[in-house]
Amino acid sequence: MPKEVFGRDYAFLPRELVLSFEEITRLAGLFVGLGVRKLRITGGEPLVRRNLPALIAMLADLRAPDGDEPIDLTLTTNGAALRPLAVPLREAGLQRVTVSLDSLDDDTFRSMNGVDFPAARVVDGIAAAREAGLAPMQVNMVVKRGLNESSILPMARWARETGAILRVIEYMDVGHSNGWRMDDVVPAAEVVELIDRDMPIELLPPNYEGEVALRWRYRDGSGEVGLIASVTQPFCGTCTRARLSAEGKLYTCLFALDGFDLRGLLRSGASDDDIVSAIAGVWRARDDRYSELRSAATTNLPKVEMFAVGG
């Protein structure tokens with residue numbers, strides 16, 4: 001959320017337009033009934049939501065129709081508020097977290113994110129999550145050429161030493177506010193070559209069909225690193241992710257033009273069967289291929305900003 005666009009005077013959504021915890025949990029339960037087995041709370045920044053552990057506790061109670069095992073419940077955060085919340089979130093039923101950290105160097109970190117807190121605060125939040133038992137720990141690093149590619153090796157070494165799984169993400173053209181250019185992308189193949197020269201790695205098979213990260217293991221057995229190559233190696237054909245935004249829109253792609261309004265159904269008295277039918281209809285009709293078709297012709301298409309697609 002670039003500060004020159006989303007400054008202190010930016011008008012965010014009125015509270016009544018945001019889904020309540022009960023509405024989120026009802027929809028999540030319907031998705032689980034349709035086959036979803038992993039829920040990730042994201043954003044925006046989810047830790048700014050008041051009483052977040054209460055929502056986590058409600059979601060942690062969800063079970064698949066065919067068993068008693070809890071669903072995979074995780075959260076992605078910038079880590080700034082993680083120190084005081086790590087234990088309450090773990091006690092509420094959160095299983096693990098993914099923390100965004102683009103560099104350990106303060107100047108580089110601030111240049112990438114435009115935030116008013118140091119990288120050390122995020123590192124401390126990661127330590128708090130580990131102490132609380134939120135594991136395995138994943139750290140997402142978006143790489144932008146000319147800004148933080150020199151941080152790749154220091155980040156990889158640090159993650160390896162601390163037992164975290166670093167996931168290096170190609171800089172993407174989500175929304176229009178980040179001034180994306182193809183020249184800013186550091187291809188995943190280049191990142192693999194860089195890490196491999198310093199710390200030899202080998203490719204691993206995916207954990208499950210549709211996994212977005214390409215997994216690489218350090219040859220000495222000291223951990224792994226992931227690469228999300230959605231620009232140079234798009235995975236539209238195997239994507240199994242749906243996104244429910246804070247205001248109740250269902251998105252089937254990060255690059256969608258718009259989402260399907262589930263909040264309207266919820267608040268108009270629709271039955272669970274009606275909502276399930278609507279969700280299934282959207283899913284069956286999806287034909288998202290933006291990353292496969294990315295070209296000069298797609299550059300100026302209307303897109304939802306990244307912070308608005310999470311939920």
Side-chain angles (χ1 to χ4, degrees), residues 27-42 46 56 59-77 90 93-100 129 133-142 159-160 163-170 172 174 188-189 191-192 195 201-219 221-244 250-256 276 279-280 282-284 286-292 309-311:
L27 288 174
L30 297 180
F31 276 99
V32 169
L34 283 167
V36 167
R37 295 296 177 266
K38 176 179 178 180
L39 295 178
R40 178 180 295 278
I41 311 302
T42 176
I56 296 299
L59 295 174
D61 283 339
L62 295 175
R63 296 291 184 272
D66 56 356
D68 296 324
E69 288 297 314
I71 56 165
D72 185 6
L73 183 57
T74 182
L75 177 147
T76 296
T77 171
R90 183 69 183 96
L94 188 68
Q95 296 166 14
R96 53 194 175 86
V97 294
T98 296
V99 179
S100 299
L134 293 166
M137 172 66 62
Q138 290 185 337
V139 177
N140 282 352
M141 177 190 186
V142 175
R160 187 187 190 190
I165 300 171
L166 179 66
R167 298 203 307 180
V168 182
I169 302 173
E170 291 180 341
M172 292 185 290
V174 179
V191 176
V192 168
I195 295 175
I201 52 178
E202 60 186 358
L203 188 63
L204 288 172
N207 283 312
Y208 55 88
E209 184 179 356
E211 185 173 25
V212 299
L214 300 169
R215 300 172 59 223
W216 293 78
R217 174 176 57 199
Y218 294 108
R219 290 182 182 270
S222 59
E224 67 177 76
V225 61
L227 279 295
I228 298 181
S230 57
V231 176
T232 63
Q233 301 176 54
F235 39 81
C236 304
T238 57
C239 179
T240 59
R241 297 190 171 195
R243 293 165 179 85
L244 176 66
L250 170 61
Y251 293 90
T252 56
C253 181
L254 280 176
F255 302 97
V276 164
I279 293 170
V282 171
W283 191 255
R284 282 194 296 265
R286 68 194 180 114
D287 58 358
D288 310 288
R289 292 182 59 214
Y290 180 93
S291 287
E292 293 179 350
V309 182

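Computed over heavy atoms, backbone and side chain alike; hydrogens, waters and symmetry mates excluded. What you see is a predicted model; the values in this text were computed from it and never measured.
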Would you compute the distance between atom CD1 of I201 and atom CZ of R219 and round it to the nearest 0.5 angstrom?
8.5 Å
Run T74 and K38 through side chain to side chain contact (heavy atoms under 4.5 Å, CB included) and show every step you take.
CA-CA 8 Å; T74 182; K38 176 179 178 180; 4.2 Å; yes
Checking T98 against R167: is there a side-chain donor and acceptor pair closer than 3.5 Å?
no
Who are the side-chain contact (heavy atoms from CB on, under 4.5 Å) partners of E224, not counting sequence neighbours?
I165, L204, R215
Determine, stepwise, if the pair L27 / L250 fulfils side chain to side chain contact (heavy atoms under 4.5 Å, CB included).
CA-CA 10 Å; L27 288 174; L250 170 61; over 6 Å; no
Give a yes or no on this: more than 12 heavy atoms of other residues, nucleotides or ligands lie within 6.0 Å of atom CG of D68.
no
Could you grab the distance from atom CD of E211 to atom OG1 of T238, nearest 0.5 Å is fine?
10.0 Å
State which residues pass salt bridge (charged side-chain N to carboxylate O under 4.0 Å, His left out) with R160; sequence neighbours excluded, sorted by chain then number.
D220
Over all heavy atoms of both residues, which pair between A188 and A229 is shortest? Give the atoms and the distance, please.
CB-CB, 3.6 Å
In short, L73 meets L94 closest at the heavy-atom pair O-CD1, 3.6 Å
Determine yes or no for a side-chain-to-main-chain donor-acceptor pair under 3.5 angstrom, with R37 supplying the side chain and V32 the backbone.
yes
Under a 3.5 Å distance rule, please check whether E170 uses its side chain to pair with a backbone N or O of V231 as donor and acceptor.
yes
Any heavy-atom pair between the side chains of V142 and M172 that's under 4.5 Å?
no
Look at the side chain of R286 and the backbone N and O of T252, then say whether any donor-acceptor pair between them is shorter than 3.5 Å.
no
Sequence neighbours left out, what passes side-chain contact (heavy atoms from CB on, under 4.5 Å) with A159? Give chain and number order.
A164, L166
Enter the distance from T42:OG1 to L244:CG here, rounded to the nearest 0.5 Å.
12.0 Å
Which is it for S100 and T76 under the side chain to side chain contact (heavy atoms under 4.5 Å, CB included) test, yes or no, and what are the steps along the way?
CA-CA 7 Å; S100 299; T76 296; 4.2 Å; yes
So how far is it from D61 CG to I71 CD1, rounded to the nearest 0.5 Å?
10.0 Å
So, do L227 and Q233 sit near enough that their side-chain heavy atoms are less than 4.5 Å apart?
no
How long is the span from the SG atom in C253 to the CZ atom in R241, to the nearest 0.5 Å?
12.0 Å
V99 and M137: side chain to side chain contact (heavy atoms under 4.5 Å, CB included), yes or no, with the steps?
CA-CA 8 Å; V99 179; M137 172 66 62; 4.1 Å; yes
I56 side, atom CD1; I41 side, atom CD1 - distance, nearest 0.5 Å
5.0 Å
